[in-house]
Visitor: 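Have a look at this one.
Numbering of residues begins at 1 and proceeds along the displayed sequence.
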Amino acid sequence: MTHKLKLIFEGNNSDFDKDLFQKSLPNRFEVKQENGDYYIYVDQDEKQLNYIVNRELDRHYFLTYVKIKAVIIKPIIISIHTCKYRSQGTLPINIEPQKWSNKDNNLSQQLRLWSLADEIDDIVSKTILLFHIIEITYPDTTNKKDYPAYTNSSTDPDPKTECKLIRHLVAHAGKVQGSELKNYCRYLGLPERMLDHTDPKYIEIITNKINFIETQAKLVIKKSL
């Protein structure tokens, strides 16, 4: 069954490239402009419609950063689809449909986490969501191949290891346990305790690490796109 969804833009849609957007979508999607508005027609069973649309919009959210939500148009009611994406530019000229695998939902989960993390200002929640993107691809955080041990506070940690250590610091309370975390606290110039919300210096240092963990999460997603 074909469903019609209206694209509602947050802000100006004058830079929206309908042809590139169409090029990025699977064959079951058709983009149309009607009376100045944009719509997508999706040939999909209604039970799977939200999931299918979600993963495409989340992919574009990651690639372009323009906020859009899709509203399902029905004969009697209009139900709001909550998927959004943001854009600071345009889609790549060489964009192609994503080759989604039924056997692997990791990418769609990671794109959803990216979308959620981008809406959050709280450093604890944001850090946990961003690290979970990394963790989905590298689930065994005790694997020294993926997360090399941090043994020397005078050197930079491996990027994935550093993301893991940042997550530990923000997700737990009390004194720091374990040599790796103690080394990392010395590396950052922090006292050996988990995130202290009463310490402005501690908050500033961890907040400044958000961009780092975001960059690492982005690299993980890019490898699957």
Visitor: When you look at L225 and L107, which way does the side chain to side chain contact (heavy atoms under 4.5 Å, CB included) test go after all the steps?
Guide: CA-CA 8 Å; L225 285 175; L107 178 58; 4.0 Å; yes

Visitor: Looking at F62, is its backbone amide N or carbonyl O close enough to the side chain of K218 to form a donor-acceptor pair, meaning the two atoms are under 3.5 Å apart?
Guide: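 Pair absent, no side-chain N/O of K218 close to backbone of F62.
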
Visitor: Can you tell me how far the CD1 atom of I128 sits from the CG atom of L113, to the nearest 0.5 Å?
Guide: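 The CD1 atom of I128 sits 11.5 Å away from the CG atom of L113.
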
Visitor: Taking atom types as modelled, find out whether E180 and T161 have a side-chain donor-acceptor pair closer than 3.5 angstrom.
Guide: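 Note: E180 and T161 side chains miss the donor-acceptor criterion.
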
Visitor: In Å, rounded to the nearest 0.5 Å, how long is the span from NE2 of H168 to CE of M194?
Guide: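 With rounding to 0.5 Å, NE2 (H168) is 8.0 Å from CE (M194).
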
Visitor: Taking the side chain from N183 and the backbone from S179, do they hold a donor-acceptor pair closer than 3.5 Å?
Guide: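 At least one qualifying donor-acceptor pair exists.
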
Visitor: Grab the two heavy atoms, one from A217 and one from I133, that are nearest each other, plus how far apart they are.
Guide: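 For A217 versus I133, the nearest heavy atoms are O-CG2, 3.8 Å.
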
Visitor: Taking the six-membered ring of Y38 (Phe, Tyr or Trp), confirm whether the NZ or CZ of K18 is under 6.0 Å from its centre and within 45° of its axis.
Guide: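 Ring-cation test returns no.
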
Visitor: With the side chain counted from C-beta on, respond yes when V42 and L5 share a heavy-atom pair under 4.5 Å apart, and no when they do not.
Guide: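 Touching, per the 4.5 Å side-chain cut-off.
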
Visitor: Are the side chains of W114 and D58 in contact, using a 4.5 Å heavy-atom criterion?
Guide: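 Counting from C-beta outward, D58 and W114 never come under 4.5 Å.
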
Visitor: Any sub-3.5 Å donor-acceptor pair from Q22's side-chain atoms to V31's backbone N or O?
Guide: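 Yes; judged by distance alone, with no hydrogens or angles, the pair exists.
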
Visitor: With a 4.0 Å cut-off on N to O distance, would you call K4 and E34 a salt bridge?
Guide: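 Judged by the 4.0 Å cut-off on N to carboxylate O distance, K4 and E34 do form a salt bridge.
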
Visitor: Which value, rounded to the nearest 0.5 Å, describes the distance between L169 atom CG and C185 atom SG?
Guide: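 The CG atom of L169 sits 5.0 Å away from the SG atom of C185.
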
Visitor: Report yes if some heavy atom in the side chain of V170 is under 4.5 Å from a heavy atom in the side chain of F131; otherwise report no.
Guide: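 No, too far: nothing below the 4.5 Å cut-off.
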
Visitor: Could you list all the salt bridge (charged side-chain N to carboxylate O under 4.0 Å, His left out) pairs where at least one residue sits in residues 182-196, not counting sequence neighbours?
Guide: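 Listed once each, the pairs are R186-E192, R193-D196, R193-D199.
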
Visitor: Could you check T127 against I166 for side chain to side chain contact (heavy atoms under 4.5 Å, CB included), going step by step and ending with a plain yes or no?
Guide: CA-CA 8 Å; T127 298; I166 295 169; 3.8 Å; yes

Visitor: Taking the side chain as every heavy atom from C-beta outward, state whether E162 and Q216 have any pair of such atoms under 4.5 Å apart.
Guide: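 Not in contact.
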
Visitor: Could you pull out the closest heavy-atom pair between N152 and S154, with the gap in Å?
Guide: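 Answer, listing the atom of N152 first, then S154: OD1-OG, 2.6 Å.
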
Visitor: Are I93 and L63 connected into the same hydrophobic cluster when the rule is that any two of I, L, V, M, F, W, Y join if their side-chain heavy atoms are below 4.5 Å apart?
Guide: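 In one cluster with L63: I93, yes.
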
Visitor: Does S108 reach the side chain of Y51, with side-chain heavy atoms less than 4.5 Å apart?
Guide: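 Yes, at least one pair of side-chain atoms sits under 4.5 Å.
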
Visitor: Can you tell me if K6 uses its side chain to pair, donor with acceptor, with the backbone of V71 under 3.5 Å?
Guide: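 No: the side chain of K6 does not pair with the backbone of V71.
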
Visitor: Report the distance from atom CG of N106 to atom CD of Q109, rounding to the nearest 0.5 Å.
Guide: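 CD of Q109 is found 5.5 Å from CG of N106.
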
Visitor: For K160, which residues count as a salt bridge (charged side-chain N to carboxylate O under 4.0 Å, His left out) partner, sequence neighbours excluded?
Guide: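 Not a single residue meets the salt bridge (charged side-chain N to carboxylate O under 4.0 Å, His left out) criterion with K160.
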
Visitor: I'd like to know if the side chain of Y147 reaches the main chain of Y138, judged simply by a donor and an acceptor atom lying under 3.5 Å from each other, with no hydrogens or angles considered.
Guide: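 Between the backbone of Y138 and the side chain of Y147 there is a qualifying donor-acceptor contact (under 3.5 Å).
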
Visitor: Test of understanding: clusters of I, L, V, M, F, W, Y form through side-chain heavy atoms closer than 4.5 Å, transitively. Do I203 and F212 belong to the same one?
Guide: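 Yes, one cluster joins them.
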
Visitor: Tell me, do D43 and N27 make a side-chain contact under 4.5 Å, heavy atoms counted?
Guide: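 Counting from C-beta outward, D43 and N27 never come under 4.5 Å.
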
Visitor: What do the steps show when you test L188 against K209 for side chain to side chain contact (heavy atoms under 4.5 Å, CB included), and what is the final call?
Guide: CA-CA 10 Å; L188 293 179; K209 283 294 180 179; 3.7 Å; yes

Visitor: To the nearest 0.5 Å, what is the distance between CG on D37 and CZ on F9?
Guide: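 These two atoms lie 9.0 Å from each other.
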
Visitor: Checking Y184 now: which residues fulfil ring-ring contact (aromatic ring centres under 6.0 Å, His included) with it, not counting sequence neighbours?
Guide: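 Residues passing ring-ring contact (aromatic ring centres under 6.0 Å, His included) with Y184: Y187.
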
Visitor: Counting C-beta onward and ignoring hydrogens, is there a side-chain heavy-atom pair between L111 and Y61 closer than 4.5 Å?
Guide: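 In short, these two side chains do not touch, never coming nearer than 4.5 Å.
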
Visitor: Looking at side-chain heavy atoms only, is the closest gap between D158 and K144 below 4.5 Å?
Guide: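 Counting from C-beta outward, D158 and K144 never come under 4.5 Å.
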
Visitor: Exactly one of L7, I95, I68 should register a side-chain contact (heavy atoms from CB on, under 4.5 Å) with F21. Which one does?
Guide: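 With F21 as partner, side-chain contact (heavy atoms from CB on, under 4.5 Å) holds for just one option, L7.
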
Visitor: Rounded to the nearest 0.5 Å, what's the gap from OH on Y202 to NE2 on H197? Could you check?
Guide: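 Spacing of OH (Y202) from NE2 (H197) equals 9.5 Å.
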
Visitor: Using atom types as modelled and distance alone, determine if a side-chain donor or acceptor of R55 lies under 3.5 Å from a backbone N or O of W100.
Guide: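 No; zero donor-acceptor contacts below 3.5 Å.
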
Visitor: I'd like to know if the side chain of S125 and the backbone of D122 have a donor-acceptor N/O pair within less than 3.5 Å.
Guide: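 Here the side-chain-to-backbone pair does not exist.
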
Visitor: Counting only heavy atoms from other residues, nucleotides and ligands, does the tally under 6.0 Å from CG of D45 exceed 12?
Guide: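 Buried by this count: over 12 neighbours within 6.0 Å.
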
Visitor: For T137 and Q110, run side chain to side chain contact (heavy atoms under 4.5 Å, CB included): C-alpha distance rounded to whole Å, both residues' side-chain angles, the deciding distance at 0.1 Å, then the answer.
Guide: CA-CA 9 Å; T137 297; Q110 289 166 316; 2.8 Å; yes

Visitor: For L20 versus P92, what's the shortest heavy-atom pair and its separation?
Guide: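 Scanning both residues, the minimum pair turns out to be CD2-O, 3.6 Å.
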
Visitor: Strictly distance-based, threshold 3.5 Å: is any side-chain N or O of K126 a donor or acceptor partner for the main-chain N or O of I210?
Guide: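 It does not hold such a pair.
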
